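A short worksheet on the structure shown next.
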Number of protein chains: 2
Amino acid sequence: MADVARRAGVSAQTVSRVSNGHPGVVDSTREQVLAAMQELGYRPNSAARALKYGQFRTIGVILFTLATVGNSRTLEAIVDHAAEEGYAITLIPVAVPTRDGVLGAFTRLGELAVDAVIVSMEVHLLDAATVNLPVGVPVVVVASEADDRYVVVDTDQVDGAVQAVRHLLELGHHTVWHVAGPEESFVAERRATGWQTTLEQAGRPVPPLVHGDWSAESGYRAGLALVDEPDCTAVFAANDQMALGLLRAFHEKGKVVPRDVSVVGFDDIPDSTSFIPPLTTVHQDFAEVGRRCVERVLRQVRNKPVEPGTTLVPTRLVLRDSTSAPPA
Amino acid sequence: MADVARRAGVSAQTVSRVSNGHPGVVDSTREQVLAAMQELGYRPNSAARALKYGQFRTIGVILFTLATVGNSRTLEAIVDHAAEEGYAITLIPVAVPTRDGVLGAFTRLGELAVDAVIVSMEVHLLDAATVNLPVGVPVVVVASEADDRYVVVDTDQVDGAVQAVRHLLELGHHTVWHVAGPEESFVAERRATGWQTTLEQAGRPVPPLVHGDWSAESGYRAGLALVDEPDCTAVFAANDQMALGLLRAFHEKGKVVPRDVSVVGFDDIPDSTSFIPPLTTVHQDFAEVGRRCVERVLRQVRNKPVEPGTTLVPTRLVLRDSTSAPPA
DNA sequence: CGCCGAAATGTTTGCGTAAACATCCACCGG
DNA sequence: CCGGTGGATGTTTACGCAAACATTTCGGCG
């Protein structure tokens, strides 16, 4: 900055004013400064700026993996909306999804230059780590169960499951089987809850729960087990990937979807339109989830009031060709 | 820091020494300082640190979208390896994949606190923006064509395509059709090049190129066109998603894969094992690509010699059930 | 018993920036 | 023609930290 000032024949303060678009600089001076900046390739040092302002204009995002569609889509939405607000996103990976792993991430976080944090994980894992949470750093949690101690944003998992199951019951299926996500996942648990309560409220039998691990392979294995169940005419898979595996299993075993078995997924990943057959599934609005996360976390950064509690983003059922009335 | 020093009854410098694990502090003093830090919830200010050291320990990553499997997997690998080296990753989104969009990203980048940049885009888009590249900031480019002006890391696209086409020719197919990615993509172009040269070297006819846009839907549309081609017994799709669309199109039109038509994809996304049938595809080692990016960019940050040029990560063909000899 | 040297700790300084305050100058009105 | 006024610009200072240098302390040895 001093170099620019010297070159332009002004003081450093004037350079600062030009650089920040402050008023009170005569055009001719401004142009000289601008020219000097150009020639010297000057760019403001963000560390010094951050030091001065006490803010980094950066939000940290903690997550386990980008391998799931939901995580990466949500992240993308967060990045985009943060950029609109002039905030950058710093990624903090959690190597292993255990308490120790989370603890490590939060320790690293302590040294990081972030004004706020968006955490994508289950609250029960977060609890172990909150001791490490720098005080005064706003936190928003995504993809977790509702919890009034934190500011939570999430897709309305339960309602999505309810819509899926209702749709199948309305088509005439006596009951609906469910291929859930892994046991330790609260998201999986909540989708399962929506499934179970809907069946119970309708007075239908609740078949045993089948657990997968979100992967298509696990859906395939679940499907191989389900083809032998005589009364299994409708399956609700907790995500689209497992639904893909189900479709393959049924296909291999000669069951035609939707004639013999109906299948509903969850997520509405782009590929699901090209499954065989195109998949009826619960659409998640990842972009909206990301948007709300950024909005709520920035409200806190700007010291506007934010009450703890859960913001639910609605889902909607997308009807395609994998569901129909049960076989006569 | 001053508060901690006062509380522990020492000077700020001693606090700094403890905080950085410097030697020359007696245990009893160290413990007092540590205790004071704990009580006051002290965290070193990374802006001040960065200002002092002139480094941020952060790498910026510029990319268009996380919607593609390749991008998000590569990003994940970059994040993980950077974390191992003690570097954080800041994401810089490019709203629209045009020169203006890229220009905007690089302008924002100039204000960002990064020591180096990994750019995931075509070099021809990068050229427009290099004027904005802060001098002295190391850059590594991923997923672009080879270019000796930059340090480039990429999957060996051409060889992957060659393997795919050779496999199909060896099975006895007379020629291979290709569903390519969008015309403006160099990645797509290079896969197409590998396909075309392999056919030419084998003295086979080169069918007209069909362009998709990477999406399963576009693969489906391409498939609907290909079913009417009488000599089309083998198709190489430029990614797995388009291959998925092909499978659906063939299925709907009564063509059995692989009996009537063989299909090979590119990427080896996890879902491809559960396509109907499981997809033979070219495996990309995204993790390795990410690892090398970080390694090469950090070499530059540390002022070790890095020659411009391309590092190619090998691919391998994964055989599953979507290919076989052509119908008699 | 006093001096030396090494280890432990303290003091000064500057990193690049922008807010707060100070100065300068031109122009206006009386 | 001079004081006043306000806009343009300059100077000082502090942000939090750590390197460089300065000082203190203490043990060991002649």
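Just so we're on the same page: letters track the sequence lines, and every chain starts at 1. What you are looking at is a predicted structure, and each value in this text was computed from that prediction instead of being measured.
If you take CG of A:Asn45 and C1' of C:dG16, they are 6 Å apart, rounded to a whole angstrom. In this structure, A:Asp3 atom CG and C:dT17 atom C1' are separated by 14 Å, rounded to whole Å. Spacing between atom OH of B:Tyr53 and atom C1' of C:dG16 amounts to 17 Å, rounded to whole angstrom units.
Identified under the salt bridge (Lys or Arg N to Asp or Glu O under 4.0 Å) test for residues 69-80 of chain A, with sequence neighbours left out: none. Applying the salt bridge (Lys or Arg N to Asp or Glu O under 4.0 Å) rule to pairs touching residues 285-294 of chain B yields B:Glu288-B:Arg291, B:Glu288-B:Arg292, sequence neighbours excluded.
B:Thr74 pairs by the side chain to side chain donor-acceptor pair (under 3.5 Å) definition with nothing, not counting sequence neighbours. Every side chain to side chain contact (heavy atoms under 4.5 Å, CB included) that B:Arg296 has, sequence neighbours left out, goes to B:Val140, B:Val151, B:Val153, B:Val306, B:Thr311. Every residue meeting the side chain to side chain donor-acceptor pair (under 3.5 Å) condition with A:Glu85, not counting sequence neighbours, appears here in chain and number order: A:Arg302. Annotation: side chain to side chain donor-acceptor pair (under 3.5 Å) contacts of B:Ser72 (sequence neighbours excluded): none. Qualifying side chain to side chain contact (heavy atoms under 4.5 Å, CB included) partners for B:Pro182, counting only residues two or more places apart in sequence or in other chains: B:Glu184, B:Ser185, B:Trp214. Partners of B:Ala88 according to the side chain to side chain contact (heavy atoms under 4.5 Å, CB included) rule, which considers only residues two or more places apart in sequence or in another chain, are A:Thr90, A:Leu112, B:Thr58.
When the local axes at the two ends of the helix from C:dC1-D:dG30 to C:dG30-D:dC1 are compared, using 5 base pairs at each end, they differ in direction by 60° after rounding to 10°.
Chain A approaches DNA chain D over the interval D:dA8 to D:dG16, counting the first and last nucleotide 5' to 3' with an atom under 4.0 Å from its heavy atoms.
The nearest heavy atom of DNA chain C to B:Val10 and to A:His22 marks one nucleotide each, and the one closer to the 5' end goes with B:Val10.
Within the 3.5 Å criterion, the main-chain N or O of A:Arg57 finds a donor-acceptor partner in the side chain of A:Asp115.
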Pair up each side-chain donor or acceptor in residues 15-32 of chain B with any protein partner under 3.5 Å, not counting sequence neighbours, and list the distances.
from	atom 1	to	atom 2	distance (Å)
B:Asn20	OD1	B:Arg49	NH2	2.4
B:Asn20	ND2	B:Ser16	O	3.3
B:Arg30	NH2	B:Val25	O	3.4

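Within residues 12-20 of chain B, the residues approaching DNA chain C are B:Gln13, B:Thr14, B:Arg17, by heavy-atom distance under 4.0 Å.
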